Amino acid sequence: MTVITHNRRRSRLSTLIDQPGGVSAGVALAQAKANLAEMADRSRAVIEEQVSALAALQPAATLEESNRLLDRAYDHSSAVIDAAGPFELKDLCAAAANLCDLIDAAPEDKPFDWRIVTVHAQALRLLLTLPAEAAEARTQVLASLKDVLKAKVPGGQSAD
């Protein structure tokens with residue numbers, strides 16, 4: 001009887017995994033925070049750009065055009081969430097998510113109340129200008145936006 005044996009080679013990855021090295025979790029977090037801090041100004045510029053684009057949208061004349069513009073409004077709101085999320089700008093994320101929820105719930109066969117988009121754009125602008133210490137004012141703005149959701153969507157609860 002013949003027995004064939006293979007001389008198994010260790011993969012390069014398994015060798016690297018077994019070796020000590022790398023950085024500690026604390027150092028990695030500090031590096032990540034430093035890298036993120038470098039992007040804060042760009043993030044704010046993206047948020048302001050998206051809010052301005054959202055505010056510039058005008059009501060549509062036809063139902064088809066309205067649906068297309070609502071898709072654009074949804075895209076702008078999503079972009080605000082994407083840019084604000086990593087910097088824990090929770091109030092901006094909540095306001096933008098509220099608008100996304102309202103657009104999601106809008107029936108496609110009926111005209112959309114465009115004032116909702118206008119109000120959310122104004123609220124996002126206000127949240128951008130409020131100082132960080134104005135927690136009560138931020139809470140009031142978000143509560144008012146949630147009231148819009150509750151009024152426009154039966155059983156409406158935001159996904160925050």
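Just so we're clear, the structure is a prediction, and the values are computed from it rather than from any experiment.
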Taking Val51's backbone N and O only, do any of them form a donor-acceptor pair with Arg125's side chain (distance below 3.5 Å, no angle check)? no

Would you give the length of the straight line joining atom CZ of Arg68 to atom CD of Glu64, rounded to the nearest 0.5 angstrom? 8.5 Å

For Arg138, does its backbone N or O pair with a side-chain atom of Asp91 as donor and acceptor, under 3.5 Å? no

Answer yes if Leu29 and Met39 sit in the same cluster of Ile, Leu, Val, Met, Phe, Trp and Tyr residues linked by side chain heavy atoms under 4.5 Å apart, and no otherwise. no

Pairwise side-chain contact, His120 with Ile116, heavy-atom cut-off 4.5 Å (strictly under): yes

Would you call Asp101 and Val153 a side-chain contact if the rule is heavy atoms closer than 4.5 Å? no

Measure the shortest side-chain to side-chain distance between Val119 and Leu145 over non-hydrogen atoms and say whether it is less than 4.5 angstrom. yes

Is any side-chain N of the basic residue among Glu48 and Arg44 closer than 4.0 Å to the acidic one's carboxylate O? yes

Does Ser66 use its side chain to pair, donor to acceptor, with the backbone of Thr62 at less than 3.5 Å? no

Side-chain heavy atoms nearer than 4.5 Å, only ILVMFWY residues, links allowed to pass through others: does that put Leu63 and Leu69 together? no

Taking the side chain from Thr129 and the backbone from Leu126, do they hold a donor-acceptor pair closer than 3.5 Å? yes

Hey, any chance Leu128 and Val80 share a hydrophobic cluster, counting ILVMFWY side chains that come within less than 4.5 Å of each other, even indirectly? yes

Separation of Leu142 CG from Gln140 CD (nearest 0.5 Å): 10.5 Å

Between Val46 and Ile81, is there a shared hydrophobic cluster once you connect ILVMFWY residues whose side-chain heavy atoms come closer than 4.5 Å? no

Nearest heavy atoms of Ser78 and Cys100, plus distance in Å: OG-SG, 4.0 Å

Would Ile47 end up clustered with Phe87 when hydrophobic side chains under 4.5 Å apart are linked, directly or stepwise? yes

What I'd like to find out is whether the side chain of Leu99 reaches to under 4.5 Å of the side chain of Leu54, using heavy atoms alone. yes

Taking side chain as C-beta onward, heavy atoms only, is Trp114 less than 4.5 Å from Leu70? yes

